[in-house]
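These notes concern the structure reproduced below.
By convention here, the first residue in the shown sequence is residue 1.
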Amino acid sequence: MLLQIVSALGVVVGAVIACSAYFYFSNKILDLALPVKDGDIRAASRNLNRRALVRPWLFVGPALFLLVVYLVYPVIATVVLSFYDRSGLQFVGLANYQWALGDREFRQSIFNNILWLAVVPAACTFFGLVIAVMTDRIWWGNIAKSIVFMPMAISFVGASVIWKFIYEYRGGNDVQIGLLNAIVQLFGGTPEVWISVPFWNNFFLMIILIWIQTGFAMVILSAALRGIPEETIEAAVIDGANGWQIFWRIMVPQVWGTIAVVWTTITILVLKVFDIVLTMTNGQWQTMVLANLMFNWLFRGGGDSGRSAVIAIIIMLAVTPIMVWNVRRANRELKGH
């Protein structure tokens with residue numbers, strides 16, 4: 001453990017030193033390459049202009065290089081691989097795309113992803129907004145916010161293990177240790193293997209992500225609510241508006257931009273959901289989603305780079321419109337200010 005901590009600190013310190021050295025020496029080299037001499041005013045002016053053109057690229061250059069290596073190149077390579085066989089050596093044209101359209105598990109994954117997209121972002125945003133409003137009105141609101149936000153500190157795998165105990169099922173006459181089955185049994189119901197019930201098990205998995213991400217939505221929306229002018233609320237109260245009307249007609253419209261940002265952020269997260277499904281069901285009982293299906297085709301059974309690449313492209317295409325919408329909305333807000 002100590003060795004790992006020392007290694008991590010060494011990497012952090014080394015990276016900072018390396019970045020500092022890069023920026024220092026690259027600027028020195030630039031100044032030497034384009035000197036400013038007192039004798040020749042025209043040459044000095046020209047070199048100063050060239051320095052001004054080159055210097056920004058010294059700062060953004062490493063970031064652009066890493067962007068190309070770790071983002072642009074993988075995307076291009078994925079598109080190319082989607083036209084090749086499982087080994088990535090033989091060109092097969094659109095065969096992998098034809099497989100995707102005809103594969104039952106792929107269609108099931110698309111359906112499940114749509115279910116997740118319809119439920120999780122809406123639930124997280126709604127519960128986050130309601131909790132943000134409610135906790136702002138009570139003296140122990142900060143304590144409540146801390147409790148709601150706490151699951152954000154847990155990894156998806158850790159959260160899945162916690163909820164696995166909640167959904168736990170014991171067969172025969174064994175005592176039910178799972179919280180949900182214990183409650184069902186207490187009220188005279190029959191315990192179930194909840195995560196193996198087709199269709200409904202998807203919702204049991206969604207609850208885990210909602211539990212984790214509601215805290216994120218609450219914190220962002222709470223900050224937005226604090227930005228609503230008190231005069232607006234007071235004017236609504238004077239006009240006779242009740243709490244429900246103030247919430248829907250005053251608060252929600254004024255933080256709608258923040259609600260959209262939270263919604264789209266969680267939507268992108270849902271499209272990449274992987275750990276929860278892998279830990280809870282491993283994609284069994286009709287719970288497979290696209291990210292898990294891609295993982296299965298990429299790493300299991302010898303791997304199939306062509307089919308896994310097709311699924312990766314589908315995920316990227318699904319994320320792209322949301323990202324474009326976010327960028328355009330941000331640009332409109334900047335122009336509006």
Review point. Between Leu30 and Trp57, is there a shared hydrophobic cluster once you connect ILVMFWY residues whose side-chain heavy atoms come closer than 4.5 Å?
Key: no
Point to revise | Test side-chain contact (heavy atoms from CB on, under 4.5 Å) applied to Arg307 and Asp85, Asn96, Asp103, Leu293, the passing residue | key: Asn96
**Study point:** Stepwise side-chain contact (heavy atoms from CB on, under 4.5 Å) test for Phe216 and Val262
**Key:** CA-CA 8 Å; Phe216 161 76; Val262 171; 4.3 Å; yes
Review point. Of the non-hydrogen atoms in Val261 and Thr265, which two are nearest, and what is the gap between them?
Key: O-OG1, 2.7 Å
Practice item. Starting at CD of Gln286, measure out to CD of Gln108 and round the result to the nearest 0.5 Å. Key: 5.0 Å
Practice item. Measure the OG1-CZ distance between Thr287 and Phe203 for me, rounded to the nearest 0.5 Å. Key: 13.0 Å
Study note, to complete from the structure: Nearest heavy-atom approach of Ser82 to Ala309 is N-CB, 3.7 Å
Practice item. Report the C-alpha distance between Trp211 and Ile162 in whole Å, list the side-chain angles of each, state the deciding distance to 0.1 Å, and finish with yes or no for side-chain contact (heavy atoms from CB on, under 4.5 Å). Key: CA-CA 11 Å; Trp211 180 66; Ile162 292 171; 4.2 Å; yes
Exercise for review: Would you check if Leu101 and Tyr97 make a side-chain contact, meaning some heavy-atom pair closer than 4.5 Å?
Suggested key: no
Exercise for review: Decide yes or no for Leu225 and Leu129: does some side-chain heavy atom of the first lie under 4.5 Å from some side-chain heavy atom of the second?
Suggested key: yes
Exercise for review: Indicate whether the side chain of Asn181 and that of Gln185 have a donor and an acceptor atom separated by less than 3.5 Å.
Suggested key: no
Check your understanding: Taking atom CZ of Phe274 as the centre, does the number of heavy atoms from other residues, nucleotides or ligands within less than 6.0 Å exceed 12?
Key -> yes
Check your understanding: How about Met316: does its CE atom have over 12 heavy atoms from other parts shown lying under 6.0 Å from it?
Key -> yes
Point to revise | Linked, directly or transitively: Leu290 and Ile114 (ILVMFWY side chains, under 4.5 Å) | key: yes
Check your understanding: From Ile313 CD1 over to Met294 CE, what is the distance, rounded to the nearest 0.5 angstrom?
Key -> 11.0 Å
Exercise for review: Kindly give the heavy-atom pair with the smallest separation between Pro121 and Trp116, and that separation in Å.
Suggested key: CD-O, 3.4 Å
Check your understanding: Does the side chain of Ile154 reach to within under 4.5 Å of the side chain of Ile212, using non-hydrogen atoms?
Key -> no
Review point. With the 4.5 Å side-chain cut-off for hydrophobic clustering, are Ile29 and Leu32 part of the same group?
Key: no
Review point. Does the side chain of Asn27 reach to within under 4.5 Å of the side chain of Phe59, using non-hydrogen atoms?
Key: yes
Exercise for review: Describe, in one word, how the ring planes of Phe83 and Phe91 are oriented to each other, choosing from parallel (under 30°), tilted (30 to 60°) and perpendicular (over 60°).
Suggested key: parallel
Check your understanding: Is any side-chain heavy atom of Leu205 less than 4.5 Å from a side-chain heavy atom of Thr281?
Key -> yes
Review point. Does Phe106 reach the side chain of Ile314, with side-chain heavy atoms less than 4.5 Å apart?
Key: yes
**Study point:** Shared hydrophobic cluster for Met152 and Ile268 (ILVMFWY, side-chain gaps under 4.5 Å)
**Key:** yes
Review point. Got a second to check how far Phe111's CZ is from Met288's CE, nearest 0.5 Å?
Key: 15.5 Å
**Study point:** Check: Gly306 main-chain N/O paired with Arg86 side-chain donor or acceptor under 3.5 Å
**Key:** no
Study note, to complete from the structure: Value for OG (Ser20) from CZ (Phe25), rounded to nearest 0.5 Å, stands at 11.0 Å
Review point. Should Tyr167 and Met280 count as side-chain neighbours, where that means a heavy-atom distance under 4.5 Å?
Key: yes
Practice item. Begin with the C-alpha distance, continue with both residues' side-chain angles, and end with the deciding distance and a verdict on side-chain contact (heavy atoms from CB on, under 4.5 Å) for Val68 and Phe65. Key: CA-CA 5 Å; Val68 170; Phe65 173 77; 5.9 Å; no
Exercise for review: Report the C-alpha separation of Met206 and Val270 in whole Å, then their side-chain angles, then the decisive distance to 0.1 Å, and conclude whether the side-chain contact (heavy atoms from CB on, under 4.5 Å) test is met.
Suggested key: CA-CA 9 Å; Met206 291 177 205; Val270 168; over 6 Å; no
**Study point:** For the student: nearest non-hydrogen atoms of Cys124 and Ile210, plus distance
**Key:** SG-CA, 3.6 Å
Review point. Is there side-chain contact between Leu269 and Leu209, with at least one heavy-atom pair below 4.5 Å?
Key: yes
Check your understanding: Does one hydrophobic cluster hold both Trp200 and Ile166, with members joined at side-chain heavy-atom distances below 4.5 Å?
Key -> yes
Point to revise | Minimal non-hydrogen separation, Trp263 against Thr267, with atom names | key: O-OG1, 2.7 Å
Check your understanding: Counting distance only, does the side-chain N/O of Asn202 pair as donor-acceptor with the main-chain N or O of Leu115 below 3.5 Å?
Key -> no
Check your understanding: Would one find more than 12 heavy atoms of other residues, nucleotides or ligands at under 6.0 Å from atom CZ of Phe127?
Key -> no
Revision key, fill the gap. The reported gap from CG in Leu58 to CZ in Phe23 (rounded to nearest 0.5 angstrom) is 8.5 Å
Review point. Of the non-hydrogen atoms in Val289 and Ser109, which two are nearest, and what is the gap between them?
Key: C-CB, 3.8 Å
